[in-house]
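Comments concern the structure below.
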2 protein chains.
Amino acid sequence: MGRVSDAKERLMGAVRELIWEGSYGSTTIDQICEKAGVKKGSFYYFFDSKADLAVAAIDEEWGRRRTELDSLFSPTIPPIERLRGYCDYCYRVQAEIRSKCGCVLGCPLFSLGSEISTQEDRLQKRIQEILDQKRKYLESAIRDAHAAGVIHAPDPAAKARTLFAYYQGLLTEARIHDKLEILGDAVRGTYELLGVKGTEPVPA
Amino acid sequence: MGRVSDAKERLMGAVRELIWEGSYGSTTIDQICEKAGVKKGSFYYFFDSKADLAVAAIDEEWGRRRTELDSLFSPTIPPIERLRGYCDYCYRVQAEIRSKCGCVLGCPLFSLGSEISTQEDRLQKRIQEILDQKRKYLESAIRDAHAAGVIHAPDPAAKARTLFAYYQGLLTEARIHDKLEILGDAVRGTYELLGVKGTEPVPA
DNA sequence: AAAATAGTTGACTATTTGGTCCACTTTGAT
DNA sequence: ATCAAAGTGGACCAAATAGTCAACTATTTT
């Protein structure tokens with residue numbers, strides 16, 4: 001089968017880091033190659049373009065994230081607990097990245113999706129799909145919470161869209177302001193938004 | 001006083017459009033000059049760099065937006081009405097841009113801020129400041145609403161952060177998915193998030 | 001061991017890009 | 001009318017960038 005190599009994986013890792021820490025537009029193929037320790041010839045042996053690499057890199061990463069989310073959103077966990085656990089998870093991820101890179105970086109998919117929304121069609125499509133899948137986790141937790149009578153959410157899909165927008169907004173604000181504390185509001189915001197019973201304002 | 005020119009303004013307009021329609025990283029100085037109908041020599045006569053131009057362009061635009069927001073958030077308007085009016089305004093702006101450019105483009109500041117968060121310090125600072133100012137409109141409407149007894153929000157700053165994150169999340173989703181309808185949820189989301197009385201779920 | 005497969009390398013090209021320079025032109029003020 | 005300030009044009013440069021290619025090397029299969 002000829003010689004084997006992990007250059008492909010190194011390239012995917014490199015582009016992920018560079019885009020997340022900087023931006024898609026500001027990362028060059030030369031930079032990616034240097035970070036991955038791979039020559040340009042090899043880059044073009046594996047990929048056709050930066051966009052092509054980005055798609056592969058995102059897919060690979062999503063595979064990993066998905067299993068983490070599967071366990072965070074396990075139906076064995078009470079639905080509101082799942083959301084709380086997800087908030088904690090996001091906080092932990094950002095805290096980790098900050099201690100490693102010195103910056104809060106937010107959600108790589110959301111930032112990238114926003115950046116290239118009018119360019120790179122293939123990449124954009126993939127990002128949309130993955131974000132849609134992520135929203136499903138929230139939707140199902142919300143539906144279960146409604147079924148359990150913990151919240152009132154007759155339209156779980158709509159609620160999930162709202163909650164998802166809020167989460168992504170928070171993460172992006174955390175990136176823009178480089179402030180981890182911003183994410184500290186996530187759980188409270190979730191409860192407010194869903195009107196979780198027991199934490200509601202005292203009715204007037 | 002020598003000759004006068006609007007080349008400076010044309011450059012600011014051009015960079016705003018290019019960044020909004022594409023991204024900061026993908027717009028080049030040559031492109032900006034071409035769109036503005038200005039030669040590079042003149043560009044560098046007025047500005048030191050792309051980042052320098054971007055700061056000026058943002059400031060200029062913010063001056064205009066601010067007066068619009070001032071009237072949308074006039075204290076003479078009932079607070080919840082202000083928020084509803086703002087949602088409508090956002091929708092109109094996006095609908096307009098879509099019919100002009102063919103795409104929903106979201107909030108230029110938020111997208112830009114997310115893109116360059118780890119680069120271009122001066123620009124980033126300015127974006128943070130303006131976003132902070134925008135949040136103040138929400139904060140004051142929320143405070144007034146609380147005072148009027150229309151909502152329960154003992155910490156208006158916190159509520160404003162939550163609502164702002166939600167709005168920005170929605171706008172960015174609208175950009176990412178190029179879907180205007182996403183913004184149709186804004187008013188409902190606002191009411192849910194603030195627990196506006198009269199639209200609350202029936203208590204169990 | 002040979003052959004086929006898989007991956008590497010670095011030198012190379014063409015283009016784009018940011019940035020400079022300065023002679024030139026237009027305009028308002030005197 | 002003239003002079004200085006304000007702005008323009010475009011040639012020019014160096015560096016960065018995307019992308020190509022053919023010769024080379026390492027590994028597995030037969």
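Just the heavy atoms: all of them, side chains too, but no hydrogens, waters or symmetry mates, feed the values below. Chain identifiers are assigned alphabetically (A, B, ...) following the order of the sequence lines, protein sequences preceding nucleic acid strands; residue numbering begins at 1 within each chain.
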- Message: Can you build the contact string for nucleotides 24-30 of chain D? Use B for base contact, S for sugar-phosphate-only contact, and - for no protein heavy atom under 4.0 Å.
- Response: -BBBSS-
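- Between A:Ser5 and C:dA6 there is no side-chain N or O to OP1 or OP2 distance below 4.0 Å.
- When the options B:Glu115, B:Lys50, B:Glu120 are evaluated for a side-chain hydrogen bond (donor to acceptor under 3.5 Å, both in side chains) with B:Tyr24, the one that passes is B:Glu120.
- The existence of a salt bridge linking A:Arg92 and A:Glu96 is excluded, since no basic side-chain nitrogen approaches an acidic carboxylate oxygen closer than 4.0 Å.
- Less than 4.0 Å separates DNA chain C from at least one heavy atom of each of the following residues of residues 41-61 of chain B: B:Gly41, B:Tyr44.
- Every residue two or more places apart in sequence or in another chain was checked for a ring pair (Phe, Tyr, Trp, His ring centres under 6.0 Å) with A:Tyr91, and none qualifies.
- In this structure, B:Ala147 has no side chain to side chain contact (heavy atoms under 4.5 Å, CB included) partners at least two apart in sequence or on a different chain.
- At a cut-off of 3.5 angstrom, counting only N and O atoms as typed in the model, there is no donor on one side facing an acceptor on the other between the side-chain of B:Lys40 and the base of D:dG9.
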Throw together a table of side-chain donor-acceptor distances under 3.5 angstrom for residues 36-49 of chain A, partners on residues two or more places apart or in other chains.
residue, atom, partner, partner atom, Å
A:Lys40, NZ, A:Asp30, OD1, 2.8
A:Ser49, OG, A:Ala51, N, 3.4
A:Ser49, OG, A:Asp52, N, 3.1

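- The aromatic rings of A:Tyr137 and A:Phe73 lie tilted to each other, with the angle between the two planes from 30° to 60°.
- Closest contact between the side chain of A:Thr28 and the listed nucleotides D:dG19, D:dT17, C:dG18 involves D:dT17.
- Between A:Tyr167 and A:Tyr86, the angle of the ring planes lies from 30° to 60°, which puts this pair in the tilted group.
- Between A:Lys39 and C:dG10 there is a side-chain polar atom (N or O) within less than 4.0 angstrom of OP1 or OP2.
- End-to-end axis angle for the helix from C:dA1-D:dT30 to C:dT30-D:dA1, using five pairs per end and rounding to 10°, comes out at 10°.
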